[in-house]
Amino acid sequence: MNVLQVQSLNKSFSTGFRTSVQVLNNVSFEVKEGVVTGFLGANGAGKTTTLKCIFDLIRPTSGEVLFFGNQAFDLNVRKKIGFLPERPYFYEYLTGFEFLKFYGDLIDEMTKSELVSRIMEVLEKVDLIEAKDRALRDYSKGMLQRIGIAQTILGRPKLIVLDEPMAGLDPDGRAKLSQLIREVASEGTSVFFSSHLLHDVESLCKELVILKKGQIVYTGSLDSFLSRMDSGFEVVTENDGRRAVQEIKTQAELQEVLKTIVDKRQTLIEVKRLRPNLEEAFVRISFGEEE
Amino acid sequence: MKAAIVIAKNTFRELIRDRILYLILVFAVLLVFLSVVLGQLSYAEQMRITLDLGLAGVELSVLILSIFIGGTLVFRELEKRTVLTLLTRPLTRGQFLFGKFLGLFSIIFTGLICLGLVLLLVLCGIGWKYQYQFPLILLGFLYQGAVLISITMVFGNIVRPVLSIALTIGVFLIGRSMDSLLYFAEKSQSVVFEKFAWTVQYLFPNFERFNWKGFAGQESFLSIGDLFLSSFYFLIWITILQSAANLLFRRKEFV
Ligand SMILES: Nc1ncnc2c1ncn2[C@@H]1O[C@H](COP(=O)(O)OP(=O)(O)OP(=O)(O)O)[C@@H](O)[C@H]1O
Ligand SMILES: [Mg+2]
């Protein structure tokens, strides 16, 4: 099942009298249940705009967004999703606990004592138990990002959507957040998040949605994205105790080279298929020549 | 409705923890004391003048609270982008807006009670005898405050806070001069002026209808019927203004 289905989303912003700029162009993709999906795109590609359209914060010019099969973004769906916007900022006058209590009251599905124990559980998970009675104005960036995640998972949602959750965090903070996302996903919550930190995306995501200048350029699994982006082969041979490495682009070339090796009776050590990492593949698709 | 109350509670807490509120309240208490002192300095009708000035002080404070906090009420959530997460929670935009209104309304109500008590204590301290009109006059202040909050909420959807506050003050001044305007229109021979005044009367809330300070120190008060009529007038304006704010807010995009 799809937890989220985005169909032919178009969005133009008017930029003045009778002029407008099209930011999203026929954007369609799905987020599958139970997996972590990464949302990639260069600065200004339209990721944040897409996410805001999904949650009705921005009205798309046309297109449709469906949750959990066929539901619109109504009050029931809202209870089953969580959203963390870009550079979130929460009520500085509330303590961590009060903030979660406030959001929990809005979900309104637990008794008071159930809610309190759920809040403690979530605070434990995001490692903020000690800071729960401190005002949010005294939280560090990493702590704010974690209380932001806590807010999204409070109601045991089926889907959480995070807009650049790792931005501005130090490596340790990022590692903690990655671990947290992994845990949340392992409990069956689908996660959809945008990020520029491809290393983290590569280690977390199973699926990818890639946006370029407002258009989808790839949707599908991370694996097939990387293998689609094959960069050829590496052949290692040995001659008189000395190793030689050859990089080969195509299958035909590879067969030629292998034939030579066999003919000349050289020692074949290894034939390796080269795969770009996500970083290279992404740069190629996002900044390379138009397809 | 539950969701609106959750928002209202949080708004109340937000304002209670805000220094601005205390700044205005301290100013208000000083204003009340000052009015009383000024009243005491007058030669004739000391008690009446003290009472009038004291009430005017409380009224001015309520107006300031309503206009200035109302002017930034929703804007704060937009500016700090807290609205982005909040509006994806299980509540409608209408409930959010109404909750904000209820929250500030409770603040005004609480502030009014406090200032009213301060004034009452001071007045009783100088030998004033309590009259039943006193709380009813304060009720009129509350009505004015609530209408003003609603006006700032309508303007707040269209313009920035500073302008919203300025426009609201403008509407208030028109509303408070409406009776004189209608009076002069009637006296004048000009048909155009009369038509103009007639139109203004329906376009803007008539704040004079909630201004009952004149009854302070009198033997009488508005008749029950008139009190009900004014309350009804109040409810109609609140409904119109809140609906307008709601309509505008529902169409908003949060880019
Ligand atoms: N209100 C607006 N009016 C005009 N153009 C806008 C408006 N909001 C966004 N845009 C444009 O839409 C494009 C997409 O912006 P968006 O914020 O969605 O990008 P993004 O993929 O989230 O980028 P980033 O990675 O920097 O966060 C940008 O080119 C931006 O300039
Ligand atoms: Mg963005």
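Chain naming here is simple, since letters A, B, ... match the order of the sequence lines and numbering starts at 1 in each.
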Looking only at side chains, do Tyr93(A) and Asn10(B) share a donor and an acceptor under 3.5 Å apart? yes

I'd like to know which of Ile107(A), Val77(A), Asp105(A), Leu106(A) tops the heavy-atom pair count under 4.5 Å against chain B. Leu106(A)

Tell me, out of Arg93(B), Arg251(B), Lys252(B), Lys9(B), who's got the most heavy-atom pairs with chain A below 4.5 Å. Arg93(B)

So do the side chains of Phe254(B) and Lys52(A) get within less than 4.5 Å of each other, counting heavy atoms only? no

Of all heavy-atom pairs between Tyr103(A) and Thr82(B), which one has the smallest distance, and what is that distance? OH-O, 4.2 Å

At a 4.5 Å cut-off on heavy atoms, which part of Lys79(A) comes close to chain B: side chain, backbone, both, or neither? both

Go through Gln151(A), Arg87(A), Arg59(A), Glu92(A) and name the one with the most non-hydrogen pairs under 4.5 angstrom from chain B. Arg59(A)

Can you tell me if NZ on Lys80(A) sees more than 12 non-hydrogen neighbours from other groups inside 6.0 Å? yes

Non-hydrogen atoms of Arg89(B) and Ile81(A) that approach each other most closely: NH2-O, 2.7 Å

For Leu91(B) and Arg78(A), work out which heavy atoms get closest and say how close. O-NH1, 3.2 Å

Go through Gly148(A), Pro85(A), Gly155(A) and name the one with the most non-hydrogen pairs under 4.5 angstrom from chain B. Pro85(A)

Side chain, backbone, both or neither of Glu109(A) within contact of chain B (heavy atoms, under 4.5 Å): neither

Residue from Arg81(B), Glu14(B), Lys2(B), Gln95(B) scoring the most non-hydrogen pairs under 4.5 Å with chain A is Glu14(B)

Taking all heavy atoms of Thr92(B) and all of Leu75(A), pick out the closest pair and write down the distance. N-CD2, 4.2 Å

Greater than 12 external heavy atoms within 6.0 Å of Tyr22(B)'s OH: yes

Applying a strict 4.5 Å limit to non-hydrogen atoms, the region of Lys11(A) in contact with chain B is side chain

Does any non-hydrogen side-chain atom of Phe73(A) lie less than 4.5 Å from one of Thr88(B)? yes

Considering all heavy atoms, the nearest Leu94(A)-Arg13(B) contact: CD2-NE, 3.4 Å

Counting only non-hydrogen atoms closer than 4.5 Å, does Glu98(A) touch chain B with its backbone (N, CA, C, O), its side chain (CB onward), both, or neither? both

Side chains of Leu86(B) and Phe102(A): does their closest heavy-atom pair fall under 4.5 Å? yes

